[in-house]
Structure formats: structure tokens, C-alpha cells
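What follows is a short report on a single structure.
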Amino acid sequence: MMAQKPKPENNSAAYFEPGSAVEVRTHGGLFRGSWFSGTIISRDASDRFLQVEYHNHHNVREFVSLHQLRPLLPPETRHRKFESGEKVVLFFNGG
């Protein structure tokens with residue numbers, strides 16, 4: 001009988017499987033705090049870090065921690081008016 005892989009400590013780790021589309025928050029550089037879309041490629045043995053490949057930067061891969069990830073937002077399907085002071089997500093130049 002094969003030993004089962006231990007369950008991840010963080011329940012959100014189970015949500016992010018290889019092949020999942022995600023957004024990754026950057027920590028440094030000019031675009032610090034921006035979110036970029038990518039795909040999860042693999043997980044490390046501890047399930048604390050996941051390797052992602054960025055969509056707009058082919059062949060750019062890096063390991064990121066779970067707190068840098070969120071599911072890919074659904075596309076906006078309708079036009080609507082925004083109110084002054086309303087929080088929005090802005091997409092500009094890939095991030």
C-alpha cells in the first residue's frame with residue numbers, strides 16, 4: 001500500500017492545483033503590489049510555495065508563497081457606471 005501524501009497545512013493550498021489560472025501579487029520593483037496573471041506549474045514538497053509561469057511573460061517562472069496568490073478574476077461582461085469613491089480593479093499593461 002502506498003503512503004498518502006500529507007494534507008497541506010493551509011486549506012487554500014488545496015485550491016491552487018497545477019494548471020490553475022491565478023493572479024500573483026508582486027513584492028518588489030516598479031510594479032510592487034500589482035497583480036499579474038499566470039498559471040500554476042508545480043508545488044514544492046511543503047505545499048507552502050508554488051511555481052507559476054506568467055501569461056504575458058513567456059518562460060518567466062518563479063516560486064511564490066500562498067499569500068501572493070488569488071484566483072483569476074472573472075471577466076467583466078457588462079458596461080456599468082461607477083460611483084465616486086467606489087473601489088475597482090484596474091488592468092493596465094499586463095498587470
Side-chain angles (χ1 to χ4, degrees):
M1 179 179 235
M2 292 181 62
Q4 289 184 333
K5 182 178 178 182
K7 291 187 178 185
E9 293 176 18
N10 185 332
N11 289 336
S12 62
Y15 182 80
F16 297 115
E17 294 292 333
S20 299
V22 294
E23 289 187 320
V24 183
R25 187 179 67 213
T26 61
H27 277 287
L30 181 61
F31 299 106
R32 182 178 185 198
S34 297
W35 293 89
F36 291 90
S37 64
T39 300
I40 295 175
I41 303 302
S42 65
R43 301 162 101 161
D44 75 345
S46 71
D47 279 333
R48 292 179 48 212
F49 296 94
L50 296 107
Q51 185 181 36
V52 296
E53 180 175 273
Y54 293 96
H55 290 164
N56 291 342
H57 308 285
H58 299 290
N59 298 323
V60 174
R61 294 181 177 188
E62 71 174 336
F63 279 92
V64 297
S65 63
L66 287 171
H67 74 274
Q68 290 177 258
L69 297 175
R70 69 180 181 190
L72 193 63
L73 296 173
E76 184 70 37
T77 58
R78 60 184 172 90
H79 297 297
R80 64 182 181 105
K81 286 186 150 187
F82 294 97
E83 301 295 326
S84 178
E86 186 175 355
K87 291 183 179 182
V88 298
V89 175
L90 174 68
F91 295 95
F92 177 73
N93 201 19

Test item: Val52 and Ile40 side chains (from C-beta on) under 4.5 Å apart, heavy atoms: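 With C-beta onward as the side chain, the pair touches.
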Contacts of type side chain to side chain contact (heavy atoms under 4.5 Å, CB included), residue Glu83, not counting sequence neighbours: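 With neighbours one apart ignored, the set is Glu86.
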According to side chain to side chain contact (heavy atoms under 4.5 Å, CB included), who are the partners of Thr39, at least two apart in sequence or on a separate chain?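 Applying side chain to side chain contact (heavy atoms under 4.5 Å, CB included) to Thr39 gives His55.
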Measuring from atom [atom1] of [X] to atom [atom2] of [Y], what distance do you get when rounded to the nearest 0.5 angstrom?
{"X": "Arg48", "Y": "Leu66", "atom1": "CZ", "atom2": "CG", "value": "9.0 Å"}
{"X": "Arg70", "Y": "Phe16", "atom1": "CZ", "atom2": "CZ", "value": "10.5 Å"}
{"X": "Leu69", "Y": "Trp35", "atom1": "CG", "atom2": "CH2", "value": "7.5 Å"}
{"X": "Arg43", "Y": "Phe49", "atom1": "CZ", "atom2": "CZ", "value": "13.5 Å"}

Any link between Val60 and Val24 through a network of hydrophobic side chains (Ile, Leu, Val, Met, Phe, Trp, Tyr) touching at under 4.5 Å?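 As far as the 4.5 Å side-chain criterion goes, Val24 and Val60 are connected within one cluster.
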Provide the closest heavy-atom pair for Ser42 versus Pro18 in the form atom of the first, atom of the second, distance.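 For Ser42 versus Pro18, the nearest heavy atoms are CA-CG, 4.2 Å.
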Gln68 side chain vs Arg25 backbone, donor-acceptor pair below 3.5 Å: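 A pair under 3.5 Å: yes.
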Could you walk me through whether Asp44 and Leu50 pass the side chain to side chain contact (heavy atoms under 4.5 Å, CB included) check? CA-CA 6 Å; Asp44 75 345; Leu50 296 107; over 6 Å; no
